[in-house]
Every structure is written in C-alpha cells, then in structure tokens.
Amino acid sequence: MNPRTLLMHQIMLSDRTRLAAYDEALAATVRPGDVVADVGAGTLVLGLMALRHGAGHVYAIEGDPETAELATRIARDNDVADRVTVVQGDARVARLERKADVVVAELMGNLGPEEEMVEILAAFTRRNLAPGGRIVPERLRTMLAPVEFDGEGWGVWSQPVHGLRFSAVMDYVASAAQLHFFQRTPWVLGDPAVVADARLAERARPLGGEHHVEVRTGGTLHAVVGSFQAVLAPGVELANFPGYPGCNWACWVWPVRHIEVAAGDTLKMALRPPRDSARLAENWTMDVGLARESVRS
Ligand SMILES: C[S@@+](CC[C@H](N)C(=O)[O-])C[C@H]1O[C@@H](n2cnc3c(N)ncnc32)[C@H](O)[C@@H]1O
C-alpha cells in the first residue's frame, strides 16, 4: 500500500476534534436500523461510528482497491463483517442494492471544494439516497478572511525577527498560495467573506465572482486566508480556521504585499480554481484589490 495513503489515514485518525464532531453528528442523525452509506470510507471509521449509533447496515464505498481491502479487514477485526458491505469503486457511479437512509462522507479539502465532495455526493445521492434521507455533512462553505499574522508565516517579512530586518523579501512577493498550520492565531481584520455555500446533494455551483470585505480593525494586511466550514448536523460544525490542536487541515494562505489598512477600507477578492488541477489547493489563485474610504469619498 502506498505509504502516503497510510500516512493520510494515520493523520486523519489522529485528528480527535474531527472524529468527535463526526461522532456527535452521526449520533444525532442515525436512527435504529438505518442503512448508512459511508462514501470514501477509507479505514471505515465513520461507518463503524454509524453502527455504534444504531445503523443496521453500512455500505462502505471506497475508490482505492487496497484501501477497500483494508476496510474489509477492519470490519472483520471489529466483529461487524456481517453488517458491512464494502463496495470498491467510484462513488459517482456506484449503485447500491438498497437505498441509504444516511450518507456520510469526509471529503473536505483545505479550502473545502478541492476533493470534489459536492460533485461526488450529488452524483451518489441521486442514485442511492432514500426519499427523506439525511446527509452528513449537510453544508459546506468556503470563507476568505483578511489577516495580520502574529509574527509567523508570511507575516515575518515586515517585522523584526530577533531584532533583524528581512523586509527586502517583500520585493519578491510571489503570486502563489501557501498551506499553513498556525502556531498563533492571526488577527482577522474584517468579517470573512463566504465565497461558496453548498448544500450537499445539490449540484456544485461555480464560485461566485468578486466578494467584498470591509476592514473592521486597522492593521497590516499580510494575507488572505481561505478555509472551510462544514455543518455536519444542526449545531455541529467543523472548520479549519482558526484551527485547533491536532487539526489535520492546513489553511490556504494567499500572501499579499504588507499594506496598512484602516477600518472602513474595502477589500475586493475573487478566488479562482485552476482549470486542470483543482484538487491541488496550492494551484488555486486569487485577485485582491483595496478600495480606500478616502478614495471613495
Ligand atoms: C479524506 S479520506 C476520508 C476517509 C474516512 N472516511 C475518514 O473519515 O477517515 C477520503 C477517502 O475517500 C476515497 N475517495 C475519494 N474520492 C472517491 C470517490 N470518488 N469514490 C470512492 N472513494 C473515493 C479516498 O480513496 C479516501 O480513502
């Protein structure tokens, strides 16, 4: 098995906040005897949780053949082989022998949409969700927030580091995204813009055009942070910004030249997926512009 695949599952199983949120959402969603479809089942962790919460049967749909084999063994090791059917194949074309009362999936990318959860679940639920069926998560949003770093990441270039100046780097600002795990939460300079808001099972809609964010707190704009917020069930949310200990998702960071901004300034932002490699968050780009209160009046 590809060591990277195993490492990915290792990291995801170590993210306790992620697991606790899914467990809470499944406890609220699964009813006794439900048929549950675990889409992109991986190690089957979400399917096993669903069984604990009373599911009668779990269909585990997994595209990677070796991972599907592993899921079969894990079902056996947990003494639930008779209540789990592993279906190896692409969930977009899978057709189950029974309709699912609940569909659960965890296919969120750093920005939200890169792993195509909206597209995959739209195609899967069209064929396999029973009328009135439920989906975990129900909703996936992508947010953009203007930030000032607290002496780390892209923020170090205009601040003294050990009393030394490195601001020459600002002349080499590259239009390229970075993925970042925050050591300290950055200051958010304005209310984040919601640039995508999808109900799962709906068809994916293209990202909206330009979004405006009003600066609420003056400071130095270092970057725009892109992140996701998933509503797993009513009142149960999972988000990768500002992050939490053990969070397995990095935040997407779009560096900008460090500029002073004041309350009342407006930032104009447009997020752009790459044409051919939307699965790689590093390849997403954005445009950022600043409109000054003084310029407008
Ligand atoms: C992010 S992992 C989540 C694994 C597991 N559900 C969990 O929460 O730990 C996504 C899994 O979905 C599988 N996957 C991705 N796209 C798929 C597709 N279109 N059909 C079936 N499986 C898919 C991947 O191979 C991977 O094992």
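Counting convention: from 1, in listed order, for ligands and their atoms alike.
In summary, the atoms of ligand 1 found under 4.0 Å from a heavy atom of L46, numbered by their order in the structure, are 6 (N), 8 (O). Residue G89 approaches ligand 1 through these ligand atoms, each under 4.0 Å from one of its heavy atoms: 20 (N), 21 (C). Less than 4.0 angstrom separates some heavy atom of G42 from each of these atoms of ligand 1: 4 (C), 27 (O).
If you check the side chains of H212 and E214, you find no donor sitting under 3.5 Å from an acceptor. Looking only at atom types and distance, the side chain of Y244 has a donor-acceptor partner in the side chain of D15 under 3.5 Å away.
Annotation: atom 15 (C) of ligand 1 to nearest protein heavy atom, L107 CD2, 3.8 Å. Of the protein's non-hydrogen atoms, the one nearest atom 24 (C) of ligand 1 is E62 OE2, 3.5 Å. In this structure, atom 9 (O) of ligand 1 lies nearest to the protein heavy atom R18 NH2, 2.8 Å. What sits closest to atom 12 (O) of ligand 1 on the protein, heavy atoms only, is G40 CA, 3.0 Å. For atom 19 (N) of ligand 1, the nearest protein heavy atom (residue, atom name, distance) is D90 OD1, 3.0 Å. The protein heavy-atom contact nearest to atom 2 (S) of ligand 1 is M12 CE, 3.5 Å. Atom 5 (C) of ligand 1 has A41 O, 3.3 Å as its closest protein atom, hydrogens excluded (heavy atom only). Given atom 17 (C) of ligand 1, the protein heavy atom at minimum distance is I120 CD1, 4.3 Å.
No option in W252, F182, W249 other than F182 meets the ring pair (Phe, Tyr, Trp, His ring centres under 6.0 Å) test with F241.
Contact annotation: the side chain of T5 approaches that of H9 to within less than 4.5 Å [non-hydrogen atoms, C-beta and beyond]. Looking only at side-chain heavy atoms (C-beta outward), E138 and I135 stay at 4.5 Å or farther from each other. Counting only heavy atoms from C-beta outward, the side chains of H53 and D23 approach each other to under 4.5 Å.
Here E106 has heavy atoms under 4.0 Å from ligand 1 in both its backbone and its side chain. Looking at V45 against ligand 1, only its side chain comes within 4.0 Å, counting heavy atoms. Using a 4.0 Å cut-off between heavy atoms, E116 makes no contact with ligand 1 at all.
For R184 (side chain) and D150 (main-chain N/O), a donor-acceptor pair under 3.5 Å exists by modelled atom type. A donor-acceptor pair under 3.5 Å links the side-chain atoms of R127 to the main chain of R92, judged by distance alone. Remark: side-chain polar atoms of E152 are paired, donor with acceptor, to backbone N or O of Q183 under 3.5 angstrom.
Taking the six-membered ring where the residue is Trp, H222 and F149 present parallel rings, their angle staying beneath 30° rather than reaching 60°.
Checking only distances, T67 never comes within under 3.5 Å of ligand 1, N or O to N or O. Between L13 and ligand 1, a contact under 3.5 Å exists for no N or O pair. Among the atoms of G63, some N or O lies under 3.5 angstrom from an N or O of ligand 1.
Sparse packing is recorded around CZ of R16, with 12 or fewer heavy atoms of other residues, nucleotides or ligands lying under 6.0 Å away.
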